[in-house]
Amino acid sequence: ILSSHAVTQMFEPLFKADVEGKLEPWLAESMKASPDRKTFTVTIRKGVKFSDGKPMTSADVVFSLETVRKSPVWGIMFELVESVKATGPDTVVIKTSKPAAKLEGQLSLPFAAIVPKNFGGESEEEFAANPIGTGPFAYASWKRGESLTFEKNKYYWKPGLPLLDKLVFEMVPDVNSRDSQLRANELDVIASPDWSQLPSMEADSSLHVGIYKASILDSLGLNMKQPLFQNEKIREAINLAIDREGIVKAALFEHGETAGSWLMPGLEFHDAAIKAPAQDVAKAKELVAEAVQEGAEPTFQVSLLKGQTFTTTVAQIIQSNLAEAGFTVSLRPLDESAMNSVLPA
């Protein structure tokens with residue numbers, strides 16, 4: 001979460017969603033599509049500068065989009081794009097192999113943000129250490145594991161913004177510490193307090209609590225490189241053993257709902273007819289017995305972010321659920337950097 005918040009302070013895409021989720025031109029002034037929606041002419045907003053004072057041009061846009069197209073992670077989002085070419089200092093033409101119905105949405109994603117051509121003459125590593133973007137704030141300093149500081153971008157293209165001279169993200173992994181620091185005025189805003197803390201926060205007249213609907217999916221990811229999870233019956237058993245309703249009640253205090261698919265409520269193409277499977281421990285036990293050789297014990301470890309009450313509660317519920325079905329599960333709390341390092345490539 002911190003990473004995404006930080007990125008959007010420094011970098012901006014061609015399009016952006018407003019508060020109602022409607023896309024609007026941002027660094028783009030406009031985009032005109034051909035009748036077959038295979039050729040898109042983008043007019044770049046004039047007067048936009050990077051935080052080092054240099055103007056943004058079509059060459060920067062071409063470089064940024066070509067870079068994300070080559071990304072092994074995000075390139076799949078732009079696989080329909082055949083070419084990106086500058087036809088003038090303020091004009092870029094994007095051609096696609098097939099009609100691209102949602103190109104504006106793809107151009108609004110954070111990883112499609114505009115950066116200086118050739119990273120401003122630096123290597124990718126040098127640029128990452130001292131990033132430059134068109135956003136309202138400019139990178140100032142980073143104390144690893146402690147804080148990330150931004151200063152006002154004096155070249156920002158929107159008049160009168162930003163309203164703040166400085167923005168500091170403090171790394172406080174423990175939810176209880178965040179809560180106490182907020183109440184002690186050591187922090188001005190905290191994100192994602194634990195659901196169990198909401199009643200006392202809402203009762204505190206000195207605090208303002210905002211609860212917003214969001215399509216955020218929490219899931220249990222299985223590493224398919226592990227032989228145990230390559231067995232379809234094991235995967236089905238795990239799916240049936242988990243008490244999703246219990247998780248919503250105990251960990252979210254009923255501020256959520258069970259998910260039946262990746263396309264959640266609030267997302268386009270969500271199908272309300274697809275329901276989450278009900279917990280069926282008896283069936284899960286049968287599947288485990290069928291899948292595991294006699295005398296063997298299905299054992300695995302679940303890695304989770306430490307210091308997060310919600311995550312810990314969910315992990316403990318899942319651990320208990322799976323134990324009922326015949327699994328032996330251990331929990332491995334990790335900080336964010338360690339968690340990223342153990343995720344399968």
Side-chain angles (χ1 to χ4, degrees), residues 1 21 73 76-77 175 192 194-196 198 211-306 308-334 339-340 342-345:
I1 293 175
V73 178
I76 191 172
M77 300 294 295
V175 292
S192 303
D194 190 73
W195 292 105
S196 63
L198 285 182
I211 300 177
Y212 310 96
K213 289 185 177 181
S215 294
I216 300 175
L217 182 70
D218 287 297
S219 60
L220 178 66
L222 306 181
N223 184 352
M224 292 299 291
K225 293 181 180 180
Q226 299 295 328
L228 178 67
F229 301 135
Q230 292 172 11
N231 189 308
E232 185 177 349
K233 291 182 178 180
I234 289 293
R235 299 199 301 272
E236 185 179 357
I238 292 172
N239 199 33
L240 291 174
I242 295 174
D243 181 10
R244 293 166 174 78
E245 293 288 351
I247 288 174
V248 170
K249 291 178 182 178
L252 288 174
F253 289 74
E254 302 196 30
H255 287 87
E257 57 187 277
T258 60
S261 73
W262 285 96
L263 294 173
M264 302 161 287
L267 296 182
E268 194 170 6
F269 307 120
H270 168 70
D271 186 350
I274 301 176
K275 303 297 183 181
Q279 185 186 32
D280 189 338
V281 177
K283 179 62 176 177
K285 285 182 176 179
E286 290 179 15
L287 291 166
V288 171
E290 294 172 10
V292 179
Q293 294 180 351
E294 187 176 352
E297 187 177 30
T299 303
F300 62 93
Q301 185 180 72
V302 173
S303 298
L304 64 144
L305 285 173
K306 67 180 180 181
Q308 305 289 334
T309 304
F310 165 73
T311 304
T312 301
T313 301
V314 171
Q316 290 172 343
I317 293 173
I318 291 175
Q319 182 185 42
S320 176
N321 293 160
L322 294 177
E324 291 183 68
F327 293 95
T328 298
V329 179
S330 60
L331 303 181
R332 183 189 182 192
L334 301 170
M339 175 70 84
N340 290 335
V342 301
L343 290 175

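It should be emphasised that the depicted structure is a prediction, and the values quoted were computed from it without experimental measurement.
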Engineer: Okay, side chain of Ser320, backbone of Gln316: is any donor-acceptor separation there less than 3.5 Å?
Structural biologist: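 No, Ser320 side chain to Gln316 backbone: no donor-acceptor pair under 3.5 Å.
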Engineer: Does CG in Leu217 sit with more than 12 non-hydrogen atoms of other residues, nucleotides or ligands closer than 6.0 Å?
Structural biologist: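 Atom CG in Leu217 is crowded, with more than 12 foreign heavy atoms closer than 6.0 Å.
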Engineer: Restricting to non-hydrogen atoms, name the atom on Ala325 and the atom on Ala284 that form the minimum distance, rounded to 0.1 Å.
Structural biologist: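 Heavy atoms only, the tightest pair is CB-CB, 3.8 Å.
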Engineer: From Gln301 CD over to Arg332 CZ, what is the distance, rounded to the nearest 0.5 angstrom?
Structural biologist: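 Interatomic distance, Gln301 CD to Arg332 CZ, rounded to 0.5 Å: 5.0 Å.
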Engineer: How many angstroms lie between CD in Glu324 and CD1 in Ile242, if you round to the nearest 0.5 Å?
Structural biologist: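 The distance works out to 12.0 Å.
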Engineer: Is there side-chain contact between Leu198 and Phe253, with heavy atoms separated by less than 4.5 Å?
Structural biologist: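 A side-chain contact under 4.5 Å is absent here.
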Engineer: Roughly how far, to the nearest 0.5 Å, is CG of Leu240 from CG of Asn321?
Structural biologist: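 If I round to the nearest 0.5 Å, the distance is 11.5 Å.
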Engineer: Could you check whether any side-chain heavy atom of Thr312 comes within less than 4.5 Å of a side-chain heavy atom of Pro333, counting everything from C-beta outward?
Structural biologist: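 A side-chain contact is absent here, since even the closest heavy-atom pair is not under 4.5 Å.
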Engineer: What I'd like to find out is whether the side chain of Ile238 reaches to under 4.5 Å of the side chain of Leu322, using heavy atoms alone.
Structural biologist: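 The answer is yes; the side chains approach within 4.5 Å.
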Engineer: Nearest 0.5 angstrom please: Arg235 CZ to Leu287 CG, how far?
Structural biologist: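 Going from the CZ atom of Arg235 to the CG atom of Leu287 covers 12.0 Å.
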Engineer: Between atom CZ of Phe310 and atom CG of Asp218, what is the distance when rounded to the nearest 0.5 Å?
Structural biologist: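 Between atom CZ of Phe310 and atom CG of Asp218 there are 4.0 Å.
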Engineer: Can a donor-acceptor pair be found, under 3.5 Å and without considering hydrogens, that links the side chain of Gln279 to the backbone of Ala241?
Structural biologist: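 Confirmed, Gln279 side chain pairs with Ala241 backbone.
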Engineer: Can you name the closest pair of heavy atoms from Glu297 and Thr328 and give their distance?
Structural biologist: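 Distance-wise, the nearest heavy atoms are OE2-OG1, 2.7 Å.
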Engineer: Please report the closest heavy-atom contact between Val302 and Leu304, naming both atoms and the distance.
Structural biologist: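 Residues Val302 and Leu304, closest heavy atoms: O-CD2, 3.6 Å.
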Engineer: Atom CG of Leu331 and atom CD1 of Ile318: how far apart are they, to the nearest 0.5 Å?
Structural biologist: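 Leu331 CG to Ile318 CD1: 9.0 Å, rounded to 0.5 Å.
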Engineer: In the structure I gave you, are the side-chain heavy atoms of Phe327 and Ile234 within less than 4.5 Å of one another anywhere?
Structural biologist: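 When only atoms from C-beta onward are counted, Ile234 and Phe327 do touch, with a gap below 4.5 Å.
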Engineer: Is the closest side-chain heavy-atom distance between Val288 and Pro298 below 4.5 Å?
Structural biologist: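 In short, these two side chains touch, coming nearer than 4.5 Å.
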Engineer: For a quick test of reading the model, state the closest non-hydrogen atom pair linking Gln319 to Ser330 and the distance between them.
Structural biologist: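 Closest heavy-atom pair between Gln319 and Ser330: NE2-CA, 4.0 Å.
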Engineer: Which pairs would a plain distance check flag for residues 244-252, meaning a side-chain donor or acceptor within less than 3.5 Å of a matching protein atom at least two apart in sequence or in another chain?
Structural biologist:
unit_1, atom_1, unit_2, atom_2, d
Arg244, NH1, Asn239, O, 3.0
Arg244, NH2, Asn239, OD1, 2.4

